[in-house]
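Data first, discussion second: the structure below is written as structure tokens.
These figures come from a predicted structure and were not determined experimentally.
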Amino acid sequence: MPENSKNIMGQITIPYEIIKEGEYELNNLPAIKDKTTSSLSKDISKTLEIIMAGGLFSKASDIHIEPEEESSKIRIRLDGILHDVITLNRDTSRRLVSRIKLLSKVKLNVEDRPQDGRFTVILPFREKKLEIEIRMSALPSEYGETVVMRILDPRKLIVLEDLGLRKDLFAVFKKEIEKPNGMVIVTGPTGSGKTTTLYAFLKTINKPGVKVITIEDPVEYHLEGISQTEVNPERGYDFANGLRAIVRQDPDVILVGEVRDLETAQIGMQAALTGHLVFSTLHTNDAPGAIARLIALGEKSATIAPSINMIIAQRLIRKVCPHCVKIEKADSSLIEELRKGLETVKEDVFSFPTSVEVPKSVGCKHCSFTGYSGRLGIFEAFLLDEEMEEHLYTSPSITETRKKAIEKGMTTMRQDGLIKVLEKKTTMEEIERVT
């Protein structure tokens with residue numbers, strides 16, 4: 001396929017014959033799995049089309065190009081786990097990286113510093129075309145540039161009901177995000193699904209009579225009916241300045257991509273205290289750790305407690321493949337471990353079953369022989385009510401705050417994971433890996 005001007009201007013269209021091939025090979029690893037290096041090296045545009053189609057149809061979240069001494073490795077991330085796909089020779093890899101940089105509108109002759117860009121992949125289905133944005137990051141490494149392409153597929157955006165919440169937690173989330181003011185913070189490491197959760201919140205409350213404005217770094221998915229802005233530090237538009245400007249726009253709901261500094265925290269909390277509902281994220285390991293993080297930034301307990309409604313922590317776990325999962329009776333040691341892990345969980349949240357069966361991952365063509373297909377969240381959350389507010393005035397440690405939250409009924413992320421094992425949604429091995 002020739003490299004025409006349409007392909008060069010920041011977008012590529014996957015030819016229909018490759019789409020058909022991708023659909024046909026959807027049950028395996030991506031369409032590139034069975035391609036030889038020689039067939040991929042002939043036309044670099046075709047090579048990129050095949051790689052992108054393979055990543056999209058395998059439902060990968062990222063595609064990695066990693067240069068080594070003699071070759072380059074293509075890897076994809078499926079359900080949070082990296083899989084090797086194919087090895088390219090150095091010449092093909094360099095041409096492929098140049099093609100990606102050209103599409104992403106970054107400098108081709110710069111290889112000694114990081115660069116970020118974007119381009120669009122168009123899938124021309126029979127009924128309509130689907131535009132999928134690709135976020136590209138290039139980083140200099142020992143043997144050349146490492147490239148990661150993040151696939152921002154709008155089909156992955158889900159609603160609150162699809163997050164994997166327990167019934168009790170779903171009711172709490174829904175009640176809190178429909179309040180007229182206050183702050184809701186979602187915590188967790190990179191890749192734990194925080195943005196997906198926040199977007200699910202926005203989709204739930206986005207109604208004609210509600211004005212929603214976001215400030216993100218960067219805007220990952222475009223939501224209809226919502227004003228989304230992107231930070232640009234070079235022009236002085238960072239989270240703090242952007243948030244200050246957003247408040248003057250008279251919004252009902254504000255989403256701040258991340259609280260990174262004291263100024264952003266202070267403006268966000270002030271907005272929450274003055275009639276706005278504010279959503280944001282923090283990088284902490286658990287929900288109680290968010291309090292310590294805010295205090296470490298310089299915020300005072302006297303401000304934190306009145307302004308924050310709820311703090312959530314989450315991780316993503318893989319679901320067992322429904323086509324090949326094997327259900328087994330749990331042995332006595334596993335039953336004891338599960339029982340001990342859930343002993344503080346209240347009966348109205350979960351009742352321990354009399355007969356304990358757990359899933360075992362197997363692997364088949366439907367799940368690319370991984371034993372897992374798709375992901376769901378495990379969560380912990382607590383409300384900052386009057387009792388918790390008084391607790392924070394004592395300047396407690398993270399351990400003391402966690403203990404207090406559990407006393408008040410918080411189910412931890414690990415406990416939520418154990419419940420999902422007993423509900424046969426995931427395996428004990430997956431909970432051990434994540435928590």
Side-chain angles (χ1 to χ4, degrees), residues 165 168-169 172-173 175-177 179 181-195 197-198 201 215 239-240 243 253-274 276-315 344-346 349 377-417 434-435:
L165 296 167
D168 62 299
L169 210 51
V172 171
F173 278 26
K175 179 182 177 182
E176 293 302 316
I177 67 174
K179 286 185 174 180
N181 59 278
M183 194 169 190
V184 175
I185 294 178
V186 183
T187 75
T190 301
S192 60
K194 300 186 298 296
T195 301
T197 297
L198 289 178
F201 290 170
I215 177 166
F239 279 120
L243 183 54
V253 180
I254 303 168
L255 185 150
V256 184
E258 184 185 344
V259 173
R260 295 177 180 173
D261 52 51
L262 176 59
E263 190 178 8
T264 305
Q266 288 175 331
I267 300 168
M269 289 183 185
Q270 190 61 36
L273 289 169
T274 54
H276 305 87
L277 182 60
V278 181
F279 298 133
S280 192
T281 70
L282 266 177
H283 283 282
T284 63
N285 289 326
D286 56 17
I291 302 294
R293 172 70 175 144
L294 289 169
I295 292 173
L297 288 175
E299 192 54 270
K300 297 176 182 177
S301 299
T303 307
I304 294 172
S307 59
I308 297 178
N309 295 348
M310 178 172 61
I311 298 176
I312 304 161
Q314 69 176 75
R315 298 289 189 278
T344 62
V345 177
K346 295 183 177 181
V349 173
I378 54 173
F379 301 87
E380 66 183 28
F382 67 92
L383 305 177
L384 274 78
D385 56 13
E386 290 183 6
E387 187 179 345
M388 186 61 77
E389 188 174 339
E390 290 179 7
H391 171 75
L392 294 186
Y393 289 144
T394 65
S395 300
S397 65
I398 296 177
T399 303
E400 290 170 333
T401 302
R402 168 169 281 274
K403 185 178 178 182
K404 184 68 175 178
I406 291 172
E407 284 176 6
K408 290 178 60 60
M410 182 182 83
T411 302
T412 67
M413 280 186 288
R414 181 172 175 81
Q415 289 174 330
D416 193 21
V434 174
T435 63

Considering all heavy atoms, the nearest [X]-[Y] contact:
X	Y	result
Gly268	Val278	O-CG2, 3.7 Å
Leu277	Ile177	CD2-O, 3.0 Å
Ile254	Ala271	CD1-CB, 4.3 Å
Ala305	Leu384	CA-CD2, 3.9 Å
Thr411	Asp416	CG2-N, 4.0 Å
Phe173	Ala381	CE1-CB, 3.9 Å

Under a 3.5 Å distance rule, please check whether [X] uses its side chain to pair with a backbone N or O of [Y] as donor and acceptor.
X	Y	value
Thr281	Val186	no
Gln314	Ser192	yes
Lys194	Ser280	no
Thr187	His283	no

For this session: Apply side chain to side chain contact (heavy atoms under 4.5 Å, CB included) to the pair Leu294 and Ile185, showing each step before the final yes or no.
Result: CA-CA 11 Å; Leu294 289 169; Ile185 294 178; 4.1 Å; yes

Report the distance from atom [atom1] of [X] to atom [atom2] of [Y], rounding to the nearest 0.5 Å.
X	Y	atom1	atom2	answer
Leu282	Ile312	CG	CD1	12.0 Å
Ile295	Leu262	CD1	CG	12.0 Å
Met183	Leu273	CE	CG	10.0 Å
Glu390	Ser301	CD	OG	13.0 Å
Leu165	Thr197	CG	OG1	7.5 Å
Ile308	Glu176	CD1	CD	12.0 Å

For this session: Determine the interplanar angle of the Phe279 and Phe201 rings, folded into 0 to 90°, and report it as parallel if under 30°, tilted if 30 to 60°, perpendicular if over 60°.
Result: tilted

Problem set entry | By salt bridge (Lys or Arg N to Asp or Glu O under 4.0 Å) - contacts of Lys175 (at least two apart) | none

Seminar exercise, completed: The side-chain contact (heavy atoms from CB on, under 4.5 Å) partner of Glu299 among Ile291, Ile304, Val259 is Ile304

For this session: Check Arg414, Met413, Arg315 against Val434 for a side-chain contact (heavy atoms from CB on, under 4.5 Å) and give me the one that passes.
Result: Arg315

Exercise. So do the side chains of Asp385 and Lys408 get within less than 4.5 Å of each other, counting heavy atoms only?
Worked result: yes

Exercise. Does the side chain of Leu383 come within less than 4.5 Å of Met388's, by heavy atoms?
Worked result: no

For this session: Report the C-alpha separation of Arg402 and Glu380 in whole Å, then their side-chain angles, then the decisive distance to 0.1 Å, and conclude whether the salt bridge (charged side-chain N to carboxylate O under 4.0 Å, His left out) test is met.
Result: CA-CA 11 Å; Arg402 168 169 281 274; Glu380 66 183 28; 2.9 Å; yes

Exercise. Any ion pair linking Lys346 and Asp168 (charged N to carboxylate O, less than 4.0 Å)?
Worked result: no

Exercise. Quick check: are there more than 12 heavy atoms from other residues, nucleotides or ligands sitting under 6.0 Å from CG of Asn285?
Worked result: no

For this session: Please check if atom NZ in Lys300 has more than 12 non-hydrogen atoms from other residues, nucleotides or ligands closer than 6.0 Å.
Result: no

Problem set entry | Test log, rule salt bridge (charged side-chain N to carboxylate O under 4.0 Å, His left out), inputs Glu400 and Lys403 | CA-CA 5 Å; Glu400 290 170 333; Lys403 185 178 178 182; over 6 Å; no

